[in-house]
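Everything below concerns the one structure shown next.
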Amino acid sequence: MTAEAPIAPAVSYGRLIPVTVHFDDLDALGLLHNARYPLLVERAWTELWHEHGVRFDGDWHAAGDACNAVRELRIGYEAPVTSPGTYAVHLWLERLGTTGLTYGFRFCSADGTRTYAQGARVLVRLDATTLRPTPWTDAFRAVGRQLLRPAG
């Protein structure tokens, strides 16, 4: 008998990526430390883009769309995470510009029904030589359009 990977529940937009909270992610009060939320969101985002071949392997010139920097991060904490286990990060794009994007996220229960924290992050794609903004590739933009949150 083989174990199958858990299937992430469907969401109406974006993607729900499973993440694991470990015992050592908790603070002295037994709560998920506030600095761990952005880290777990980053890991989920990285996993999502790895599925599409976007990755950083140490060479900024070969990184392409993975050569980007955070311009802004906003996060609001809504309910404490009080135990280790499997949770999820719901990711979507709010805006996909020429050289930047804004993605939204929710740190939530594994089934996506309970929100513990939510926020947004602005990324800017950089030219590896000049470190100035440069356009996303067409392939990146095609995947990004699939992640856009519907207007409304």
Side-chain angles (χ1 to χ4, degrees), residues 2-27 31-77 81 84-112 115-151:
T2 60
E4 292 185 29
I7 297 171
V11 288
S12 62
Y13 58 90
R15 286 278 307 278
L16 200 59
I17 307 290
V19 295
T20 301
V21 171
H22 298 277
F23 175 77
D24 60 355
D25 292 321
L26 306 180
D27 65 15
L31 306 175
L32 181 59
H33 191 281
N34 69 82
R36 295 295 191 180
Y37 290 84
L39 175 69
L40 291 165
V41 169
E42 175 69 17
R43 288 178 180 164
W45 184 248
T46 299
E47 181 178 326
L48 184 150
W49 285 107
H50 277 191
E51 292 174 8
H52 299 284
V54 178
R55 66 185 66 233
F56 176 70
D57 292 322
D59 179 353
W60 283 114
H61 292 280
D65 292 302
C67 185
N68 60 66
V70 176
R71 182 171 185 267
E72 180 182 334
L73 171 66
R74 179 187 51 79
I75 186 168
Y77 303 95
V81 171
T86 302
Y87 295 85
V89 176
H90 179 194
L91 295 169
W92 66 89
L93 290 184
E94 291 286 345
R95 182 189 65 81
L96 178 59
T98 303
T99 62
L101 62 80
T102 302
Y103 75 79
F105 64 87
R106 286 186 317 118
F107 189 91
C108 53
S109 56
D111 64 2
T115 299
Y116 296 98
Q118 61 183 331
R121 186 170 165 186
V122 177
L123 296 178
V124 177
R125 182 166 191 262
L126 300 175
D127 177 275
T129 301
T130 65
L131 297 182
R132 299 292 304 152
T134 195
W136 302 107
T137 63
D138 290 340
F140 183 93
R141 294 179 62 72
V143 173
R145 282 191 290 276
Q146 297 171 19
L147 297 169
L148 282 168
R149 182 178 188 168

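Every heavy atom of this structure was used, including side-chain atoms; hydrogens, water molecules and symmetry mates were not.
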Roughly how far, to the nearest 0.5 Å, is CG of Leu131 from CG of Leu126?
6.0 Å
Kindly give the heavy-atom pair with the smallest separation between Ala128 and Cys67, and that separation in Å.
CA-SG, 4.0 Å
In terms of heavy-atom contacts, Trp49 and Gly144 come closest through CH2-N, 4.0 Å
With a 4.5 Å cut-off on side-chain heavy atoms, are Asp25 and Pro84 touching?
no
Are the side chains of Leu16 and Cys108 in touch, meaning some heavy atoms are under 4.5 Å apart?
yes
Over 12 non-hydrogen atoms of neighbours within 6.0 angstrom of CG in Asp138:
no
Look only at the side chain of Arg125 and the backbone of Pro135, and say whether a donor-acceptor pair between them is shorter than 3.5 Å.
yes
Nearest atoms (heavy-atom pairs only) where Ser109 meets Tyr116:
N-CE1, 3.6 Å
Mark yes or no for whether Arg149, through its side chain, and Glu94, through its backbone, hold a donor-acceptor pair below 3.5 Å.
no
N/O donor-acceptor pair under 3.5 Å between Arg36 side chain and Val21 backbone:
no
Spacing of Leu32 atom CG and Tyr87 atom OH [to the nearest 0.5 Å]
8.0 Å
Minimum heavy-atom distance between Val89 and Ala44, given as atom pair plus value:
CB-CB, 3.7 Å
Hey, is the main chain of Val54 close enough, under 3.5 Å, to the side chain of Asp65 for a donor-acceptor pair?
no
Could you tell me whether the side chain of His33 and the main chain of Asp24 form a donor-acceptor pair under 3.5 Å?
no
Give the minimum heavy-atom separation between His50 and Arg55, together with the two atoms involved.
O-NH2, 3.2 Å
Could you tell me the separation between the NE2 atom of His90 and the OG1 atom of Thr115, rounded to the nearest 0.5 Å?
9.5 Å
Side chain to side chain contact (heavy atoms under 4.5 Å, CB included) between Phe105 and Ile75: does it pass, once the steps are laid out?
CA-CA 9 Å; Phe105 64 87; Ile75 186 168; 3.9 Å; yes
For Gly100, does its backbone N or O pair with a side-chain atom of Trp136 as donor and acceptor, under 3.5 Å?
yes
Once rounded to the nearest 0.5 Å, what's the spacing between atom CG of Leu147 and atom CZ of Arg15?
8.0 Å
With no hydrogens and no angle check, is any side-chain donor or acceptor of Tyr77 less than 3.5 Å from a backbone partner on Asn34?
yes
Give the minimum heavy-atom separation between Trp92 and Gly14, together with the two atoms involved.
CB-CA, 3.9 Å
Separation between CG (Asn68) and OG1 (Thr99), nearest 0.5 Å, reads 11.0 Å
Which distance, rounded to the nearest 0.5 Å, do you find between the CG of Leu93 and the OG1 of Thr102?
8.5 Å
Give a yes or no on this: more than 12 heavy atoms of other residues, nucleotides or ligands lie within 6.0 Å of atom CZ of Arg95.
yes
Please tell me if the side chains of Val41 and Leu91 come closer than 4.5 Å, counting only heavy atoms from C-beta onward.
yes
Sub-6.0 Å ring centroid separation between Phe140 and His52
no
Can you check whether Leu123 reaches Val70 side chain to side chain, under 4.5 Å on heavy atoms?
yes
